[in-house]
Every structure is written in C-alpha cells, then in structure tokens.
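One-based numbering, in listed order, for ligands and for the atoms of each. Please read all numbers here as calculations on a predicted model, not as lab measurements.
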Amino acid sequence: MDSLTPPALTAPVEASAPPSLPQGPVCVQCGAPALVNWRRRLTDSEFADHLALERERRAEVRLLADPQRTPPAELPLPTAEELTRIVYGCGTHAISLEAAALIHASACTAPNEADLPSCDCVPEVPVKEPLEGTAAELPAHWIPGGP
Ligand SMILES: [Zn+2]
Ligand SMILES: [Zn+2]
C-alpha cells in the first residue's frame, strides 16, 4: 500500500533580527545611537591594517585573474592622506558643527567630555572638490517670489 506521508509542514522561520544587535552606528563614547559623525585620520596601525587588507585583496584578484590575459595595470596603494575614518557621537557627545566639518588628527580624542564641544587636536580643513561648471539657473517660474 501507499505509505507515503505528506511532508511535515514547518512553520515559517521568523525573520526578525535578535534584539541585541545594534541598529546602526553608535556613539564611540557611550554607545548610545549616534546622531552626528565626523572624520579623523587613521592611526599608523589602522593604516597598516588597511594596507594589509588591500594587499590581500589584490593578491586574491591576481590569483583569480585569467592567466591568458594581460593583467590590468595596478593602481597605486592608497596613502594615509586619502583615508579617513568616521567617528560617531550621540547628542550629548557631539562636537560642534564647525569642528565636525573638519578632518581630525588620528590622535584626536573627541568626543572627550573634557573638551566638548571642541576637541584636543588641530583639525585640517578638507580640500574642497572643484565644482563642475556653474550651477544651472532655474527657470524664473521655479524661483519662489519670481514672476
Ligand atoms: Zn555618547
Ligand atoms: Zn579633533
């Protein structure tokens, strides 16, 4: 006789994330959800780690490359000048808006409560990207208060 049994029905797995996982960036000082962020330079060891990862990644690309083809010219490795790290702060541990617009030194301790809303480094002014052309002018009827 037919002894086939219908497959056991399993309840759909609930796709909810465990509640212990953080929901995004958190303040580096107190762990509260971050409200603001700014950039700082990498420390020497962070930069070394970054270079090591980049070298590893490139070695893997070379390994997987088609040996029949000439490999593409390799880009120079990133320099410390072009890398920054994002620092997150909550509302309480937020540096000033002016300070957050700058790039901080790798040794900057912000957000350090003793220095808030400032910090203990002399931040660099980021180099502004040159704007491509000039902003296109809006039609007159798009300007509030225009004709
Ligand atoms: Zn905080
Ligand atoms: Zn700083």
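To the nearest 0.5 Å, atoms CD1 (I95) and CH2 (W38) are separated by 4.5 Å.
More than 12 non-hydrogen atoms from other residues, nucleotides or ligands lie less than 6.0 angstrom from CD of E74.
The nearest N/O/S atom of H93 to the Zn ion (ligand 1) is ND1. In terms of distance to the Zn ion (ligand 2), the nearest N, O or S atom of H104 is named ND1.
Tracing side-chain contacts under 4.5 Å through hydrophobic residues (I, L, V, M, F, W, Y), one never reaches I86 starting from L102; they form parts of separate clusters.
At the Zn ion (ligand 2), the vertex angle linking SG of C121 with SG of C119 is 110° (nearest 10 degrees).
The two residues S106 and L42 have their closest heavy-atom pair at CB-O, 3.3 Å.
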